[in-house]
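What follows is one structure encoded as C-alpha cells, with my remarks underneath.
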Amino acid sequence: MTTFVFAFLGILALFLGVFLITRRNPVAAAMLLISDFVILAVLYGLLDAHFAAAAQVIVYAGAIMVVFVFLIMMLNIPNEQIRFTRVTNIEWLLAFVGIVAAVIVAQASSLGWLQTAFPNAARILPNAPSENTRNVAALMFTDYLWSFELVGFLIIAAMIGAVVIAKQGRKH
Amino acid sequence: MSLPELGLLFSVLLFLIGLFAVMFRSNILFQMMGIELLLNAANLAFVSASKMVGNLDGQVVVFFVMTIAACEAAVGLALVVALYRERSTTETDDLTLLRG
Amino acid sequence: MTETNMPIIVQTIATVLKIFVLLGIALQVAPIMTWIERRQMAVTQRRLGPNRVGILPKLFNNWGFFGLGQPLADAVKLLFKEDFFPEGVHKTFYFLAPVIISTTAMMCTMGIPFGHSVVVFGQYIDLRPVSLDVGFLFLFAMSALGVYGVALAGWASNSKYPLLGGLRSSAQMISYEISMGLALIPPVLIFGTFDLQKIIALQAQGFWGIFYAPVSFLIFTVTMFAETNRLPFDLAEGESELVAGFLTEYGGMRWSQFFLGEYTMMFTLSALSTCLFLGGYELPFVTHEMLLSFVQKLTTLDVAFAQWIVVLINLGVLILKSAFFLLLFAQVRFTLPRFRYDQLMRLGWKVLLPIALANVVVTAIVLGFIRF
Amino acid sequence: MDFIASPYFPVLLAFLVNAAMMTVVSGMALVLGPKKPTKTKLEPYECGIPSKDSARTRIAAKYYLTAILFILFDIETVFLYLWAISFDKLGWFGVTEAGLFVATLLVGYVYIIKRDALRWE
C-alpha cells in the first residue's frame with residue numbers, strides 16, 4: 001500500500017514536471033512547480049526524511065518560488081513573446097537522447113553496487129519517526145560542522161550579491 | 001521494487017525532465033525552473049540512498065543542497081531582472097550581442 | 001504517540017472524525033467572528049450594530065436574536081449572488097486563488113491538538129489529526145503556502161490596482177513570516193521538542209510558556225496580525241489604500257472565501273499561540289490524569305465515559321483561550337490606526353527581525369547556563 | 001494497509017477533504033447564482049476611469065529584493081530550528097556553533113541596513 005501511494009505520487013510528480021516545462025504561461029509553470037515540490041515533500045516523508053519534507057515545503061515551495069512568482073508578475077512578459085522550444089538543430093536532440101540512455105544504463109547497473117558499497121553502515125537511523133529531526137541535527141552539528149559554518153558564508157555571499165545587482169544602475 | 005529504489009528511479013526521471021527544460025526552453029525563467037528540478041532530483045536521490053543504505057548522511061546533505069539552490073535562485077533571479085532592465089527580454093535567443 | 005498496531009478501521013474512522021471536528025470549529029469561526037466584530041465595532045462607536053435579523057418573526061414576535069441571524073443571512077445571500085468571471089481575467093487562477101488561501105488555512109488547523117487522548121475499543125487515539133515528527137512546523141509550512149493565494153489573486157485580476165495590492169500584501173506577509181519563524185525558536189529551545197502534545201504536557205506540570213519566553217509571545221502576537229493582513233497591518237484592503245487591494249475584482253461567495261481563509265488562519269494562529277504559550281487545552285496546573293480522576297469522582301462514571309467529558313472540557317478550554325486572542329484581534333481593529341506601508345515594512349525588517357534574533361541568542365545563552 | 005499507520009495518511013486525507021470542500025464552497029455560487037453578464041459588469045474596476053494600458057506595470061526593485069532576502073533568512077530559520085531541536089544534545093559546543101552562524105548572518109543583515117537596500121519610501 002505505501003509502495004503504491006509512493007509510486008502514484010511519484011508518477012504524478014513526473015507528469016506535473018513534464019506538463020510544466022511545456023507551458024507557455026510562466027505563472028502556470030510556477031504554480032505547477034510549487035505543487036511538484038509539495039508532492040516531493042510527501043515523497044521525502046514516506047522515505048522517513050520528515051524534517052527534510054518540512055524544510056522542502058518551507059524553503060522551496062514557500063520561499064524560492066515566491067521570488068519566481070513575484071518576478072513573473074512584475075516582469076510583465078506578454079505570452080506571445082515566450083517561444084515554445086528551441087529544438088532547432090538535431091545534434092542537441094541527439095545529445096539529449098544520448099544522455100538519457102547513458103543515465104538510465106548507469107542507474108540500473110549502479111543499484112547493486114550502492115548496496116554493496118555501504119553494507120548498512122547504520123550510524124543513526126531510528127525507525128521511530130519522532131526522533132528523526134533530533135538525530136539529523138545531532139549528526140549535522142558534529143560531523144558536518146564545517147559545512148554548516150560554510151553555509152553561513154554562502155548565504156552572506158548571496159545576500160550581498162543580490163543587493164549589489166539590485167542596486168546597480170541606480171542613477172536617477 | 002522497494003521504496004528507495006523507486007525513489008532513485010523517480011529522481012533519475014525528474015533529472016531528465018529538468019535537463020530537457022534547461023536545454024530546450026529558450027526562456028531564461030523556464031531554464032531556471034529546470035535547474036530547480038535538477039536540484040530537487042538530486043535531493044530525492046540523496047534521501048532515497050540514505051534510506052536504502054541506512055544512515056542519515058543523505059538527509060543532512062539535503063539541507064546543504066537546499067541552501068545552494070536558495071542562493072543560486074536568489075542571485076540568478078536578481079540577474080534576470082538586471083538583464084530584463086537592460087534588454088527588456090528574457091528570451092535567451094535574443095541575447096546574442098556578445099557574439100558581436 | 002505510541003499508537004498500538006490495532007484494527008485499521010478504528011484508526012481511519014478516528015482520523016476522519018478528528019479532521020471533521022477541527023474543520024467544523026474552523027468553519028464556525030468565520031460567521032461568529034463577523035457577528036462579534038460588527039457588534040463590538042458598534043459598541044465601541046456607541047451604536048447598536050446588527051439586531052434586526054430574526055427567524056420566524058411571528059413565532060418569536062419580531063425578536064432580533066441580538067443580530068445572530070445576520071451571519072446566516074449573509075451566507076445565504078452570498079450563495080445566491082451572481083458569480084461571474086470579469087473580462088480579461090485568467091479564469092483558472094481567478095478561481096484558484098481563494099481556494100488556495102482557504103485550503104492552506106484549513107490545513108494549518110489540522111495540526112492543532114484539541115485533547116489529550118481517548119482509549120476506544122482498547123486503542124489509544126491521540127486527539128490530533130496530523131501528528132508529524134516536525135510538530136508545529138507543519139503549521140508553519142502550510143502558512144508559508146498561503147502567500148500564493150494573495151499573489152495569484154492580484155495577478156489573475158488583470159488590472160493595475162489588484163496587481164499592486166497583491167504584491168504589497170504578499171511582500172508584507174513574507175516579511176513577517178521570518179520574524180514568526182524566529183519567534184518560535186525559544187519555545188523549542190525551552191521545551192526541547194516540536195511536538196505540541198509534549199509541550200502542553202510540560203506546561204501542565206510546570207509554568208506556562210509565556211513566562212519562559214515572554215518576548216517570543218509578544219513577537220508572535222504582532223506577526224499574527226501581519227500574517228493575516230489584519231489591522232493595523234491592513235494594507236491589502238484598507239479603505240484609504242489601493243481600492244480594495246487584491247480583492248478588487250472579487251465578489252460574492254469568492255470574495256467571502258478570502259475572509260473565510262483569513263478568519264481560519266486567525267483561529268489557527270491563536271490556537272497555536274495558546275498551545276505554545278498559554279498551556280493549550282489543559283487547565284493551569286491540572287494535568288490530564290488529575291482531570292480524569294477528578295471527573296470520575298465527580299460523576300462516578302468509569303473511565304470509558306469520563307474520558308469523553310474530559311475531551312469536551314479540553315475542547316472548551318482551547319476554544320476559550322483562542323477566543324481571548326480572537327477578541328484581541330477584533331478590539332485592536334477598532335482602536336489602532338492603520339500603518340503606512342513603509343512604516344509597516346520598516347517595523348517588520350528593521351525592528352522585529354533584530355529583536356527576534358536577539359531573543360534567540362539570549363534564550364540560548366541563559367538556558368546554556370541553567371542546563372550545562 | 002500499512003500506509004494508514006504512516007503519519008502522512010492523515011495529511012493526504014485532510015488535504016483531499018479540505019480542497020474538495022473549499023472548491024465546492026467557492027464554486028457553489030456559480031451553480032446557484034443567476035447568469036446575467038452585462039458589458040459594464042464585466043469591465044475591470046478602475047474607479048470609473050476607463051482602463052488605459054494593459055494591467056501589468058513596471059519593475060520596482062523593493063518587492064523582489066524583499067522576496068530574495070526572505071529566502072536567505074528563511075534558510076537561516078530552518079537551520080536554527082535544526083539546532084534548537086538538538087540543543088540539549090549539543091550543549092555549549094552547539095551554542096557556539098549557532099552563535100557563529102547567527103553572527104555571520106548578522107554581518108549580512110548589517111550590510112543590508114547600511115546599503116539601505118530595504119528603503120520603502
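Within every chain, numbering begins at 1; the chains are lettered A, B, ... in the order of the sequence lines, protein sequences first and strands thereafter. Note that this is a predicted model, so its numbers are computed, not measured.
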Legend entry - Heavy-atom contact with chain D under 4.5 Å, split by part of C/Leu260: side chain
Inset, instruction - Against chain C, label D/Leu106 side chain, backbone, both or neither, depending on which of its atoms sit under 4.5 Å from a heavy atom there. - result: side chain
Inset, instruction - Please answer whether the main-chain N or O of C/Trp349 pairs with a side-chain N or O of C/Ser175 as donor and acceptor at a distance below 3.5 Å. - result: no
Inset, instruction - Indicate yes or no: at least one non-hydrogen side-chain atom of D/Trp92 is less than 4.5 angstrom from one of C/Phe369. - result: yes
Legend entry - Atom of C/Arg371, atom of D/Asp88 and distance for their closest heavy-atom approach: NH1-OD1, 2.8 Å
Inset, instruction - Work out which heavy atom in C/Met107 is nearest to a heavy atom in C/Phe138; give both atom names and the distance. - result: O-CE2, 3.4 Å
Legend entry - Selection from C/Thr193, C/Val89, C/Leu353 maximising heavy-atom pairs under 4.5 Å formed with chain D: C/Leu353
Inset, instruction - List the atom of C/Met180, the atom of C/Thr223, and the distance in Å for their closest heavy-atom pair. - result: N-CG2, 3.7 Å
Legend entry - Heavy-atom donor-acceptor pair, C/Gln343 side chain to C/Arg340 backbone, under 3.5 Å: yes
Inset, instruction - Answer with side chain, backbone, both or neither: which region of C/Met110 has an atom nearer than 4.5 Å to a non-hydrogen atom of chain D? - result: side chain
Legend entry - C/Thr268 and C/Thr109: side chain donor to acceptor below 3.5 Å: yes
Legend entry - chain D contact via C/Leu357 - side chain, backbone, both or neither, heavy atoms under 4.5 Å: side chain
Inset, instruction - Is it possible for you to check whether C/Arg168 lies under 6.0 Å from the centre of the six-membered ring of D/Tyr63, through NZ or CZ, and within 45° of that ring's axis? - result: no
Legend entry - Contact summary for D/Ala98 and D/Leu80, nearest pair of heavy atoms: CB-CD2, 4.4 Å
Inset, instruction - Please determine, among D/Phe73, D/Tyr81, D/Phe87, D/Tyr109, the option with the most heavy-atom pairs under 4.5 Å with chain C. - result: D/Tyr81
Legend entry - Residue C/Phe20 versus chain D: region with a heavy atom under 4.5 Å: side chain
Legend entry - Per-residue contact mode, D/Ile85 against chain C (heavy atom under 4.5 angstrom): both
Inset, instruction - Using the salt bridge (Lys or Arg N to Asp or Glu O under 4.0 Å) rule, take D/Lys62 and C/Asp342 through it: C-alpha gap first, then chi angles, then the decisive distance, then the call. - result: CA-CA 11 Å; D/Lys62 52 183 188 241; C/Asp342 56 297; over 6 Å; no
Inset, instruction - Answer with side chain, backbone, both or neither: which region of C/Leu137 has an atom nearer than 4.5 Å to a non-hydrogen atom of chain D? - result: side chain
Inset, instruction - Flag the one option from C/Ile185, C/Thr15, C/Leu23, C/Leu96 with the top tally of heavy-atom pairs under 4.5 Å to chain D. - result: C/Ile185
Inset, instruction - Pick one of side chain, backbone, both or neither for C/Ile174, based on which atoms fall under 4.5 Å of a heavy atom in chain D. - result: both
Inset, instruction - Please determine, among D/Asp74, D/Leu105, D/Leu69, the option with the most heavy-atom pairs under 4.5 Å with chain C. - result: D/Leu69
Inset, instruction - Let me know if C/Tyr176 has heavy atoms under 4.5 Å from chain D in its side chain, its backbone, both or neither. - result: neither
Legend entry - Per-residue contact mode, C/Val188 against chain D (heavy atom under 4.5 angstrom): both
Legend entry - Interface moiety of C/Leu184 toward chain D, non-hydrogen atoms closer than 4.5 Å: both
Inset, instruction - Can you tell which part of D/Val17 gets under 4.5 Å to a heavy atom of chain C, answering side chain, backbone, both or neither? - result: side chain
Inset, instruction - Measure distances from D/Val102 to the heavy atoms of chain C and classify the residue's part below 4.5 Å as side chain, backbone, both or neither. - result: side chain
Inset, instruction - Taking all non-hydrogen atoms of both residues into account, name the closest pair between C/Val134 and C/Phe194 and its distance. - result: O-CB, 3.4 Å
